[in-house]
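Reviewing the structure listed below.
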Amino acid sequence: MLRKMGEAVARVARKVNETVESSSDTLDLADCKLVSFPICIYKVLRNVSDQIHLITLANNELKSLTSKFMTTFSQLRELRLEGNYLHRLPNEVNGLQHLRAIDLSRNQFQDFPEQLTTLPELETINLEENEIVDVPVEKLATMPALRVINLRLNPLSAEVRVIAPPLIKFDMLVSPEDARAPPP
């Protein structure tokens, strides 16, 4: 057990060091068994956090992200959080004014993260395979850059399915009404 933990910590450290040493605009911590974003990474990346435009935290065990994460990486263009246990985003996500794409698929959202509707550059929202019933269609319709929102495998209400099509100018991907997420 301790050996596996040690290997996981070494893997995270190696990936963070690669980002710093190569002055990369990408931090990839996918599949690292993270239950939270390691606090020590903020210190290591403090001099390069403004140049990081893509963070991947996919397929970890994250239950939440902190406001510090959102304010530290305010220059993000893409955030990949699929395959975690997230059910909400901190309010500070509205500070990600350059964000173009966010992947929140395969998480535990029951409520649509409405903070996303305030992001002027956001083009793609992926919320596939969550538990979302209601969507703020009117707010989404006013988003200037939004092109695609993926809501497949969510138990969307019939009201959303009826109201959305005439109001929206983007692609809203939904499953047929009787489709449900596959069992785990």
Side-chain angles (χ1 to χ4, degrees), residues 15-16 18-20 22-30 32 34 36-60 62-130 132 134-152 154 160 164 167-173:
K15 288 181 168 210
V16 170
E18 287 171 7
T19 298
V20 172
S22 67
S23 297
S24 175
D25 70 345
T26 301
L27 176 61
D28 183 355
L29 296 178
C32 288
L34 296 174
S36 64
F37 190 79
I39 294 171
C40 62
I41 292 177
Y42 294 119
K43 288 183 180 178
V44 174
L45 296 177
R46 75 176 168 266
N47 294 328
V48 296
S49 62
D50 280 352
Q51 63 194 52
I52 295 178
H53 295 145
L54 166 62
I55 294 181
T56 301
L57 293 168
N59 304 315
N60 281 293
L62 299 172
K63 291 183 181 166
S64 65
L65 286 174
T66 64
S67 56
K68 183 172 180 71
F69 177 89
M70 298 299 169
T71 56
T72 300
F73 300 106
S74 61
Q75 299 301 311
L76 281 180
R77 306 277 190 282
E78 186 174 349
L79 182 55
R80 301 199 53 206
L81 297 166
E82 67 270 20
N84 281 288
Y85 300 105
L86 299 171
H87 60 91
R88 66 176 185 80
L89 294 174
N91 288 332
E92 290 76 7
V93 75
N94 63 14
L96 300 179
Q97 295 293 302
H98 306 285
L99 194 67
R100 292 188 187 131
I102 187 164
D103 190 340
L104 297 166
S105 61
R106 298 184 342 271
N107 273 284
Q108 296 179 347
F109 284 89
Q110 294 180 342
D111 297 317
F112 186 94
E114 287 197 39
Q115 308 97 311
L116 297 178
T117 64
T118 66
L119 302 178
E121 302 292 321
L122 195 56
E123 297 173 358
T124 305
I125 301 171
N126 188 352
L127 281 159
E128 183 171 4
E129 206 171 322
N130 278 279
I132 297 170
D134 197 23
V135 178
V137 176
E138 294 84 6
K139 289 181 180 180
L140 290 168
T142 65
M143 294 178 68
L146 190 60
R147 295 196 192 326
V148 178
I149 180 167
N150 184 351
L151 292 164
R152 289 185 182 119
N154 279 281
V160 167
L167 292 178
I168 60 175
K169 61 187 180 302
F170 52 85
D171 292 329
M172 188 165 100
L173 309 175

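Counting from 1, the numbers follow the sequence of the chain as shown.
To the nearest 0.5 Å, atoms CZ (Phe37) and CG (Leu27) are separated by 5.5 Å. Note that OG1 of Thr142 is 7.5 Å distant from CG of Leu140, once rounded to the nearest 0.5 Å. Taken to the nearest 0.5 Å, the NE2 atom of His87 stands 7.0 Å off from the OG atom of Ser64. In this structure, CZ in Phe170 is found 10.5 Å from CG in Leu122, a value given to the nearest 0.5 Å. Remark: Asp171 CG to Leu146 CG distance equals 9.5 Å, nearest 0.5 Å. Interatomic distance, CZ of Arg152 versus CG of Leu127, reported as 13.0 Å (0.5 Å rounding).
Shown here for Met70 and Leu65, the closest heavy-atom pair between the two residues is CE-CD1, 3.8 Å. Smallest separation of non-hydrogen atoms from Leu81 and Leu104: CD1-CD2, 3.6 Å. Across all their heavy atoms, Pro120 and Pro144 have their closest contact at O-CG, 3.6 Å.
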Inset, instruction - Please assess Thr66 against Tyr42 for the test side chain to side chain contact (heavy atoms under 4.5 Å, CB included), listing each intermediate value before the final yes or no. - result: CA-CA 12 Å; Thr66 64; Tyr42 294 119; 3.4 Å; yes
Legend entry - Residue pair Val160, Phe112: steps toward the side chain to side chain contact (heavy atoms under 4.5 Å, CB included) verdict: CA-CA 12 Å; Val160 167; Phe112 186 94; over 6 Å; no
Inset, instruction - Begin from the C-alpha positions of Gln51 and Asp25 and carry the test side chain to side chain contact (heavy atoms under 4.5 Å, CB included) through to its verdict. - result: CA-CA 6 Å; Gln51 63 194 52; Asp25 70 345; 5.6 Å; no
Legend entry - Stepwise side chain to side chain contact (heavy atoms under 4.5 Å, CB included) check, Leu89 with Leu116: CA-CA 9 Å; Leu89 294 174; Leu116 297 178; 4.0 Å; yes
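Looking at Asp103, its side chain does come within 3.5 Å of a backbone N or O of Ser105 through a donor-acceptor pair. The backbone N or O of Phe69 sits nowhere less than 3.5 Å from a side-chain atom of Thr72 that would complete a donor-acceptor pair. A donor-acceptor pair under 3.5 Å links the side-chain atoms of Asn130 to the main chain of Gln108, judged by distance alone. Side chain of Lys169 to backbone of Ala141: a donor-acceptor contact under 3.5 angstrom is found. Judged by distance alone, with hydrogens and angles left aside, the side-chain atoms of Asp50 form no donor-acceptor pair with the main-chain N or O of Val48 at under 3.5 Å. With Asn84 contributing its side chain and Asn60 its backbone, the two residues share a donor-acceptor pair below 3.5 Å.
Using modelled atom types, one finds no donor on one side chain facing an acceptor on the other under 3.5 Å when comparing Asp28 with Thr26.
The salt bridge (charged side-chain N to carboxylate O under 4.0 Å, His left out) test applied to Glu114 returns Lys139, not counting sequence neighbours. Not counting sequence neighbours, the partners of Glu82 by the salt bridge (charged side-chain N to carboxylate O under 4.0 Å, His left out) test are Arg80.
At a threshold of 4.5 Å between non-hydrogen side-chain atoms, the residues Asn154 and Val135 do not count as touching.
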Show me, pair by pair, the donor-acceptor contacts under 3.5 angstrom made by side chains of residues 92-101, not counting sequence neighbours?
residue	atom	partner	partner atom	Å
Asn94	ND2	Asn91	O	3.3
Gln97	NE2	Asn94	O	2.5
His98	NE2	Gln75	OE1	3.4

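Annotation for Arg77: atom CZ counts as buried by contact number, over 12 foreign heavy atoms lying within 6.0 Å.
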